[in-house]
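What follows is one structure encoded as structure tokens, with my remarks underneath.
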Amino acid sequence: MALTLHDTLTRQSRTIQPLDGRTLRFYCCGPTVYGPAHIGNFRTFVAQDVFRRVVEMGGLPTLHVRNLTDVDDKTIRDSQKAGQSLGDFTRFWTEKFHADCAALNLLPPHVEPSAVAHIPHQIRMIETLIQRGHAYASADGSVYFKVASYPDYGRLSHLEDRELKLGASTTAGAMDSDEYSKDSLADFALWKARRPEDGPNHWPSPWGDGRPGWHLECSAMSLEYLGEDFDVHSGGIDLIFPHHENEIAQSCCSTHGKFAHHWFHVTHLMVDGGKMSKSLGNLYTLEDLQKRGYHPAEVRYVLISGHYRAPLNFTFHSLDAARQALQKLARFDKALLERGCAASPARGDLAPGPFADAWKTLTDDLNVPGALGAVFGAINRTKPAALTEAEVLACHRGLHFMLEALGLRLPPILDEAAVEVPAEIATLAEQRWNAKQSKDWAAADALRKELDALGWIIKDGKDGYQVMPK
RNA sequence: GGCGAGGUAGCAAAGUGGUAAUGCACUGGUCUGCAAAACCGGUAUGCGCGGGUUCAAUUCCCGCCCUCGCCUCCA
């Protein structure tokens, strides 16, 4: 397999090859656990999950690290507001996050380090940066990274002329009192001195009590679990600047390595053609969608249905379309099962087979929409009833190979799903069936119409009928 | 202003220097008492606009318009 992936730094698609020749090591910026993640956050995590699955299905083991940001301005502020300890507060939201991830069929990372549990690592990194002349402590006990000491700063985001913009933000009044203690406005905090409003949330350091700056945790924890050099670093497109730029500066100035060798950024999700925001009321969580009757698998399908580097517009219509598309896949799978396939093929037996085109497309910069198109194309060309036994088996294994690579789980076929039918509805349906049996078409149609008005549909079979909500 | 992404059928979304995958929706047919489901078909002479290169461009080049994102802590 030759998997290619676009690299933000070089702006080119590059072949994925593990630095150590054995395992692909990659780091993803995880959630800040101070509230429920929304589907925009999950677009990024799902895209990363597809990447990992494609790498693994291609035969390359991964070492996947995704952190939890459980100490920062927002977690501290909101835990205090909730009257909870920081630990209790972030644990609650971490568990919620994990539940959502499981529902979306995300593979759990191999390591999920907590920022608050790695403060000593972060302090050590700051000490090294100070020793090497890349950081300095200010009078109030904060420590800043000296951007001017790192000539490569800005390479990832290609924002060369920082000073112009910094001047602009100053005149816009963005400067707060903290920033006066910096040598340069471009410098960013590695350690933030304790403030009264932080409550009990402060830790000792050589520069006094305080807490680590946000950017530092990823540098410290990726070093701890992946080393000075590792393969891929990923996050939402908004993290390119300043977060990843800052990580590069911290890591490259405190180690002898080159940090991440490949940058994988996922474009934002849009809702109803625009940006998601609380004020517009279009910021959905997985739970919001589940309450509206959508299954997480349908949400996942929507989130992968656009290429990760293109804007994707999320709508309820797209969720409905996802439901039908998954049904189509499930029906095809069922047709294969009826030809005698095992329900769950062993993962080791999976191979692209008749879906080789789809797989090839998927390995070309994770072209999920193209791959899905190829899957359906293959399905449309295949008549399960006309296949030989060997072909049926290969087809089934190929289908499940692709489903596994995309992380799609087939839903039950809707016709067969158990539905709770209220007694009054059941009675009307029974009356209609009886009318139909006695060929009283007028009465049967009237009852069908009545049920329709109540929101129920009758589906007749040969020997019986089914009542379904509309 | 700088940097980046994108503008393809009603909606969504791939793709290619030689005349446009796929999903949804819509629609014709088979089936059905009628439906539904399923299955078999159909649906962009067109790919933001204007030039240019070429035997040939939606695909390359130039200009323009529009949308979205980032520009100090937002996936």
Side-chain angles (χ1 to χ4, degrees), chain A residues 8 11 28-32 37-48 69 72-74 147 154 157-162 164-166 168-169 174-176 179 185-189 192 213-215 234-243 245-246 265-270 273-277 301-302 305-307 309-315 317-329 331 335 357-358 361 367-380 383 385 413-415 436 439-442 444-445 448-449 452 457-462 465-466 468:
Chain A
T8 310
R11 299 180 184 181
C28 301
C29 289
T32 301
H38 55 71
I39 54 171
N41 297 315
F42 280 117
R43 180 187 190 187
T44 298
F45 298 133
V46 168
Q48 291 161 346
T69 297
D72 79 320
D73 288 338
K74 293 188 289 271
V147 167
S157 52
H158 303 93
L159 290 166
E160 309 295 340
D161 190 3
R162 303 297 315 149
L164 184 71
K165 289 303 127 191
L166 291 162
S169 79
M175 192 195 270
D176 65 31
E179 291 175 315
L185 286 170
D187 295 351
F188 56 89
K192 292 182 161 188
W214 173 48
H215 310 295
S234 177
I237 198 168
D238 56 311
L239 296 185
I240 294 173
F241 186 88
H243 185 56
E245 204 72 76
N246 292 171
H265 288 105
V266 182
T267 297
H268 279 347
L269 183 73
M270 306 208 300
K275 190 181 179 177
M276 260 193 312
S277 75
Y301 190 98
V302 171
S305 67
H307 186 91
R309 283 196 289 127
L312 173 65
N313 189 23
F314 177 89
T315 62
H317 180 263
S318 65
L319 274 176
D320 294 332
R323 171 169 297 174
Q324 294 309 127
L326 285 166
Q327 285 295 307
K328 187 163 179 169
L329 293 171
R331 284 196 299 269
D357 284 350
T361 302
N367 187 349
V368 176
L372 283 170
V375 166
F376 284 108
I379 286 176
N380 290 340
K383 308 296 167 223
I413 292 174
L414 284 175
D415 275 356
K436 178 181 168 165
K439 299 198 188 295
D440 183 354
W441 308 131
D445 287 349
R448 176 192 284 286
K449 215 171 172 181
D452 184 79
I457 295 174
I458 303 281
K459 297 183 179 183
D460 289 341
K462 271 185 182 164
Y465 63 91
Q466 208 180 353
M468 304 277 295

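All figures in this text were calculated on a predicted structure; none of them were measured in a lab. So that the names make sense, note that chain A is the first sequence line, chain B the second, and so on, each numbered from 1.
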Would you kindly give the CD1-to-P distance between A:Ile240 and B:G4, to the nearest whole Å? 11 Å
Which one, B:A75, B:A13, B:U72, comes nearest to the side chain of A:Ala186? B:U72
Heavy atoms under 4.0 Å, any strand shown: does A:His243 hit a base, just sugar-phosphate, or nothing? nothing
Using a heavy-atom cut-off of under 4.0 Å over every strand shown, decide if A:Pro369 touches base, sugar-phosphate, or nothing. base
What integer distance in Å separates A:Leu312:CG from B:A75:C1'? 14 Å
Contact class for A:Ser305 (heavy atom, under 4.0 Å): base, sugar-phosphate, or nothing? sugar-phosphate
Using atom P of each nucleotide, how far apart are B:A38 and B:A25 to the nearest Å? 9 Å
Rounded to the Å, how far apart are A:Leu239 CG and B:C74 P? 9 Å
If the condition is side-chain hydrogen bond (donor to acceptor under 3.5 Å, both in side chains), which residues does A:His38 pass it with, not counting sequence neighbours? A:Asn41
Nearest-Å distance once atom C1' is located in both B:G42 and B:A5: 36 Å
Look at all strands and tell whether A:Gly40 reaches a base, only sugar-phosphate, or nothing, counting heavy atoms closer than 4.0 Å. base
Quote, to the nearest angstrom, the P distance that separates B:C61 from B:G6. 14 Å
Nearest-nucleotide comparison on RNA chain B, the residue closer to the 5′ end among A:Gly370 and A:Asp72: A:Gly370
NZ on A:Lys192 to CH2 on A:Trp214, rounded to 0.5 Å: 10.5 Å
Residues passing the side-chain hydrogen bond (donor to acceptor under 3.5 Å, both in side chains) test with A:Arg323, sequence neighbours excluded, are A:Glu298
How close do A:Ile413 and A:Gln327 get, counting heavy atoms only, and between which atoms? CA-OE1, 3.4 Å
Classify the nucleic acid contact of A:His38 as base, sugar-phosphate or nothing, counting any heavy atom under 4.0 Å across all strands shown. base
Given the C1' atoms of B:C31 and B:G41, what is the spacing between them in whole Å? 15 Å
In Å and rounded to the nearest 0.5 Å, what is the CG to CZ distance from A:Leu269 to A:Phe314? 7.0 Å
In whole angstrom, give the distance that lies between atom CG of A:Asn367 and atom C1' of B:A14. 6 Å
With a cut-off of less than 4.0 Å, is there a side-chain N or O of A:Asn41 near OP1 or OP2 of B:C74? no
Applying ring-ring contact (aromatic ring centres under 6.0 Å, His included), can you list everything that pairs with A:Phe188, at least two apart in sequence or on another chain? A:Phe145, A:His215
Each nucleotide of nucleotides 23-42 of chain B classed B (base within 4.0 Å of a protein heavy atom), S (only sugar-phosphate) or -, in 5' to 3' order, makes SB--------BBBBSS-S--
Take atom C1' in B:G7 and the same atom in B:U58, then report the distance between them in whole Å. 12 Å
For B:C60 versus B:G17, give the span between their C1' atoms, rounded off to a whole number of Å. 8 Å
Using atom P of each nucleotide, how far apart are B:G10 and B:C47 to the nearest Å? 13 Å
Nearest heavy-atom approach of A:Asp357 to A:Ala374 is C-CB, 4.4 Å
Tell me: CG of A:Leu319 to P of B:C11, nearest whole Å? 18 Å
Nearest whole Å is fine: how far is B:C74 P from A:Phe241 CZ? 13 Å
Specify the closest pair of heavy atoms between A:Asp460 and A:Lys436, including all atoms of both residues, with the distance to one decimal. OD2-NZ, 2.8 Å
With rounding to the nearest 0.5 Å, note down the distance linking CG in A:Asp238 to NE2 in A:His268. 3.5 Å
Euclidean distance, atom NE2 of residue A:His215 to atom P of B:A75 [Å, nearest integer]: 12 Å
Ignoring backbone atoms, establish whether A:Asn313 has a side-chain N or O less than 4.0 Å from OP1 or OP2 of B:A12. yes
Please measure how far the P atom in B:G33 lies from the corresponding atom in B:U43, and state the result in whole Å. 32 Å
What residues, two or more places apart in sequence or in another chain, satisfy salt bridge (charged side-chain N to carboxylate O under 4.0 Å, His left out) together with A:Lys459? A:Asp415
Between P on B:C71 and NE2 on A:His268, what's the gap in Å once rounded to a whole number? 9 Å
Test side-chain contact (heavy atoms from CB on, under 4.5 Å) applied to A:Leu329 and A:Val375, step by step: CA-CA 9 Å; A:Leu329 293 171; A:Val375 166; 3.9 Å; yes
Tell me, which stems hold RNA chain B, with a stem being 3 or more Watson-Crick or G-U pairs in a row and both distances under 3.5 Å? B:1-7 with B:65-71, B:10-12 with B:22-24, B:26-30 with B:38-42, B:48-52 with B:60-64
